[in-house]
Q: 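One structure, as structure tokens, below. Some questions next.
Order of the sequence lines sets the chain letters (A, B, ...), proteins ahead of strands, with each chain counted from 1. Note that these values count all heavy atoms, side chains included, but never hydrogens, waters or copies made by symmetry.
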Amino acid sequence: MKTKRLTELSLLTAAALIAFIIEMRLPDIRIPGVKLGLANIFTVYAVYRFSGKEVFLLLVTRIVLGSLFSSNLSAIIYSLAGGMLCLCGMLLLRKIISESYLWLCSIFGAILHNTGQIGAAVLMTGTPAVLAYYPYLLVSGCIAGLFTGLCAQFVVKRLLNFRKGKTE
Amino acid sequence: MTKGVKLAIAAAAVIFLGAIAAIIFLQRPAQGTWVEILQDNKVICTLDLSQEPDRTFRVEFPEGGWNEIRIENGTICISDADCPDHTCVHTGKLRSEDIPIVCLPHKLVIKYCAPPEES
């Protein structure tokens, strides 16, 4: 059983990294920090399928390897700050929000991710003026979070049907 | 739909609409012509864009790296940089009073400021 869990987690990490690399190829948006966050699809899915510790491992591995692949190591602080806040929030929210409203949990995850990012940016640059980007990040975060959340919702639904089909 | 979900939807809607309102509020066009360039939250120079001749200069980042700043017809932008994400270059010209040009890897910020008091 343990090996199966580990394999599933590794598979999710690999899939998240692929999504991350595909997203790097998309054209840049003019506002710093605005991203679709495709890799978040797998984090949200994992939040509802695995324990907190397991999702933590998945996320940290994804962020560290992701920054290595994109050769943007200075971005790791922002990704980690955002990612950890997002993860803590979603782990708490999964107690309130049931799996059928997974997309809602994802929106809050994205909002928290952007909050952590901008917090880290303010601390790193020591410039509160960076906060001017926060509303932009919030709007884009809500939309991106809804999108990735719906994607994860479809994955859950498909997998459920798939498992049903297998047992029948 | 449980009470928690309803509350969460309401909270998300409030955040979304609040952020849109904030964006509209932040779209103030530039009022002055003075800009300051900050590195690591320290002002490294203050310029009056209406007086500056067109030119391009480099700002070095002490830990390695540079940003090339271009002043042209009273506008300022980062025209080139060796940071990995190039977001500062993509930001384009400085337009809004409230929204600065930021290069996070080099901790560089360009924003409008109040004219310095004459001494």
Q: Given that the side chain runs from C-beta out, which part of Phe108(A) has a heavy atom under 4.5 Å from chain B: side chain, backbone, both or neither?
A: side chain
Q: Under 4.5 Å, counting heavy-atom pairs only, tell me which of Ile23(B), Val109(B), Val89(B) racks up the most with chain A.
A: Ile23(B)
Q: Does one side chain, of Thr148(A) or Ser106(A), offer a donor that lies under 3.5 Å from an acceptor on the other?
A: yes
Q: Please round to the nearest 0.5 Å and tell me the distance separating atom CD1 of Ile76(A) and atom OG of Ser67(A).
A: 3.5 Å
Q: Check whether Val5(B) gets within reach of chain A through its side chain, its backbone, both or neither, counting any heavy atom under 4.5 Å.
A: both
Q: Just so I understand: if I count every heavy-atom pair under 4.5 Å between each of Ala12(B), Ala21(B), Ala22(B) and chain A, which residue has the most?
A: Ala12(B)
Q: If you count heavy-atom pairs under 4.5 Å between each of Val130(A), Ile111(A), Leu104(A), Ile96(A) and chain B, which one has the most?
A: Leu104(A)
Q: Hey, are Asp48(B) and Ser50(B) close enough side-chain-wise for a donor-acceptor pair under 3.5 Å?
A: yes
Q: Quick check on the interface: out of Ile9(B), Leu38(B), Leu7(B), Thr2(B), who has the most heavy-atom pairs with chain A under 4.5 Å?
A: Ile9(B)
Q: Rounded at 0.5 Å granularity, tell me how far CZ in Phe20(A) sits from CG in Leu65(A).
A: 10.0 Å
Q: Heavy-atom cut-off 4.5 Å, strictly under: side chain, backbone, both or neither for Tyr78(A) against chain B?
A: side chain
Q: Could you tell me if Thr115(A) and Tyr134(A) have a donor-acceptor pair between their side chains, going purely by distance under 3.5 Å?
A: yes
Q: Contact part of Ile101(B) toward chain A, heavy-atom cut-off under 4.5 Å: side chain, backbone, both or neither?
A: backbone
Q: Find the distance between CD1 (Ile37(B)) and CG (Asn67(B)) and round it off to the nearest 0.5 Å.
A: 9.5 Å
